[in-house]
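Structure incoming, see below.
The chains referred to below are lettered A, B, ... by the order of the sequence lines, with proteins before strands, and numbering in each begins at 1. Source: prediction; values computed, not measured.
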There are 2 protein chains.
Amino acid sequence: MTDVNTMPGHLIRRYHQASVAIFHARVAELGFDLTPVQYAALAKIEAQPGIDQVTLAGLIAYDRTTIGGVVDRLVQKQYLVREVSATDRRARVLKLTELGVTTLHRLAPVVEEAQLQVLSGLDEREQAEFVRLLQKATAGVNQMSRAPLKEAE
Amino acid sequence: MTDVNTMPGHLIRRYHQASVAIFHARVAELGFDLTPVQYAALAKIEAQPGIDQVTLAGLIAYDRTTIGGVVDRLVQKQYLVREVSATDRRARVLKLTELGVTTLHRLAPVVEEAQLQVLSGLDEREQAEFVRLLQKATAGVNQMSRAPLKEAE
DNA sequence: TACTGATGATCAGCATACTGACTATATTGT
DNA sequence: ACAATATAGTCAGTATGCTGATCATCAGTA
């Protein structure tokens, strides 16, 4: 394993790079300019409207510092509203706007396609096995990240 | 696949995040401050001293814009020397310094350990299968990246 | 009630990646 | 030889991630 191109860490970086590029290309075809991270945030906020930033970060495994900037940009694009929580003045409550909802729904099928394209180097049986192993491997190292996934309670 | 946490793209992002964190933690234990990208660059330059930046970028699948900054920082840390090529004045020729060589060799075993830790969620049979599928999947989407891997000739 | 610690959010600073544009130099074709 | 094209590298601008620090607010406890 002296060649970095055979090391898991390096392969993951390259795979991630391509995965992001595929996402961008697909989304750009529809005339949108959303990053994978922004999409994930919108999807999670739709599922749990009124969520605060730290909880959101935990549910999609982001760093809490990073999420601030992501939310900033989504608010600027008018996909999100951010308000001070009525019950905790430290917290910011997040909700989708109408535009956010329609955008999310228009993008959903394209994002699905992008996922398939990311796996397109594998045949169907391999895809299933790969996703299973990827989930298991990711779960195994979850706590090593500064931003571990926190399961919904 | 409506939940982003089951989507391959999202899993890859999380896995990559943890992989980088593991690398940093291991390298920091030895008192060094090298990123995975910087390590990969050093390793490749050792294998091919006198390589230019574009070729290096192709061999480890970086963007040519990004590699400039990476090399800058490695030069600043005195691991690398960058000189104008004698045969092509556009090109910059890269070589390791003594310090670069010794650092690379000290880090190598730790980097190996980090790779194993990245896979630690899987049993031995799964690890082999996962790396095989990861290589195949990555190769399948290689051309979608701005920085595809270019095999050595 | 007042103190202490925990928590939500932000800020500054840095490194990786990307896009698009630009400069300088080589190469190719006529 | 000269024009057109290609290539190596850089720069400006933006987004994701990280570290570590700070501020405001909340919650538990003496």
Side-chain angles (χ1 to χ4, degrees), chain A residues 9-10 12-25 27-28 33-41 51-58 60-74 76-77 82-94 144-148, chain B residues 9-10 12-25 27-28 33-41 51-58 60-74 76-77 82-94 144-148:
Chain A
H10 200 259
I12 294 155
R13 186 189 62 78
R14 286 181 50 206
Y15 195 41
H16 176 58
Q17 231 169 257
S19 160
V20 171
I22 288 169
F23 185 98
H24 271 126
V27 168
D33 180 29
L34 241 87
T35 66
V37 172
Q38 290 170 6
Y39 178 84
I51 198 175
D52 69 293
Q53 292 187 189
V54 165
T55 308
L56 171 62
I60 46 186
Y62 293 11
D63 188 274
R64 81 179 189 287
T65 298
T66 306
I67 201 92
V70 174
V71 169
D72 276 349
R73 287 179 280 276
L74 289 171
Q76 202 178 0
K77 287 176 182 171
R82 167 164 52 181
E83 292 165 351
V84 174
S85 164
T87 58
D88 184 342
R89 279 187 299 165
R90 291 170 304 178
R92 303 287 179 272
V93 158
L94 306 173
M144 291 304 300
S145 171
R146 166 158 165 177
Chain B
H10 201 258
I12 294 156
R13 185 188 62 76
R14 287 182 48 207
Y15 195 41
H16 176 57
Q17 230 169 259
S19 160
V20 171
I22 288 168
F23 185 97
H24 271 126
V27 168
D33 178 30
L34 241 87
T35 65
V37 172
Q38 290 169 8
Y39 178 83
I51 198 175
D52 68 292
Q53 292 187 191
V54 165
T55 307
L56 171 62
I60 46 187
Y62 293 11
D63 187 274
R64 82 179 189 288
T65 299
T66 307
I67 202 93
V70 173
V71 169
D72 276 349
R73 287 178 281 276
L74 289 172
Q76 203 178 359
K77 286 174 181 171
R82 168 164 52 182
E83 293 166 351
V84 174
S85 163
T87 58
D88 183 342
R89 279 189 298 165
R90 292 171 305 179
R92 303 287 178 272
V93 159
L94 306 173
M144 292 301 303
S145 171
R146 165 158 166 177

Between CD1 of Ile67(B) and C1' of dC18(C) the distance, given in whole Å, is 14 Å

Counterpart residues, ring pair (Phe, Tyr, Trp, His ring centres under 6.0 Å), relative to His10(A) (two or more places apart):
none

Quickly work out the Asp88(B) CG to dT27(C) C1' distance and round it to whole Å.
10 Å

Closest heavy-atom contact between Arg13(A) and Val37(B)?
CD-CG2, 4.0 Å

For the atom pair OH (Tyr39(A)) and CZ (Phe23(A)), what is the distance rounded to the nearest 0.5 Å?
7.0 Å

What's the CD-C1' distance between Gln53(B) and dT25(C), to the nearest Å?
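Atom CD in Gln53(B) sits about 15 Å away from atom C1' in dT25(C).
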
Distance col, row Arg73(B):CZ vs Thr35(B):OG1, nearest 0.5 angstrom, shows 7.5 Å

Axis-to-axis angle between the two ends of the helix from dT1(C)-dA30(D) to dT30(C)-dA1(D) (five base pairs per end, rounded to 10 degrees):
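Taking five pairs per end, the axes differ by 10°.
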
Residue mapping more 5' on DNA chain D - nearest nucleotide basis, Val54(B) or Thr87(A)
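On the 5' side of the pair lies Val54(B).
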
Between dG20(D), dG9(D), dT10(D), which one does the side chain of Thr65(A) approach most closely?
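Ranking dG20(D), dG9(D), dT10(D) by closest atom to the Thr65(A) side chain puts dG20(D) first.
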
Can you confirm whether more than 12 heavy atoms, excluding those of Asp33(A), are under 6.0 Å from its CG atom?
no

Atom NE2 of His24(A) to atom P of dT19(C): distance rounded to whole Å?
8 Å

Gln17(A) side-chain N/O to Ala61(B) backbone N/O, donor-acceptor pair under 3.5 Å:
yes

Side chains of Asp88(A) and Ser85(A): any donor to acceptor distance under 3.5 Å?
no

Look up atom OG1 in Thr65(A) and atom CD in Gln53(A), then write down how far apart they are to the nearest 0.5 Å.
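Nearest 0.5 Å value for the OG1-CD distance: 10.5 Å.
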
Please enumerate all protein N or O atoms sitting under 3.5 Å from an N or O of nucleotides 14-17 of chain C, with distances to 0.1 Å.
from, atom 1, to, atom 2, distance (Å)
dT16(C), OP1, Thr35(B), OG1, 2.5
dT16(C), OP1, Gln38(B), NE2, 3.3
dT16(C), OP2, Arg73(B), NE, 2.7
dT16(C), OP2, Arg73(B), NH2, 2.5

Any donor-acceptor pair under 3.5 Å between the side chain of Arg90(B) and the base of dT7(D)?
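Checked by distance alone, the answer is yes.
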
Can you tell me how far C1' of dT16(D) sits from OH of Tyr39(A), to the nearest Å?
19 Å

Using 0.5 Å steps for rounding, measure from the CZ atom of Arg92(A) to the CD1 atom of Ile67(A).
14.5 Å

Separation of dG9(D) atom C1' from Glu83(B) atom CD, nearest Å, is 16 Å

Are any of Arg89(B)'s side-chain N or O atoms less than 4.0 Å away from OP1 or OP2 of dT7(D)?
no

Whole-Å distance between dT10(D) C1' and Arg82(B) CZ?
10 Å

With a 4.0 Å limit, can you tell me whether Arg64(A) has a side-chain N or O closer than that to the phosphate oxygens OP1/OP2 of dC11(C)?
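Checking dC11(C) against Arg64(A), no side-chain N or O comes under 4.0 Å of OP1 or OP2.
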
OH of Tyr15(B) versus P of dG17(D): gap in Å, rounded?
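For the pair Tyr15(B) OH and dG17(D) P, the rounded distance is 17 Å.
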
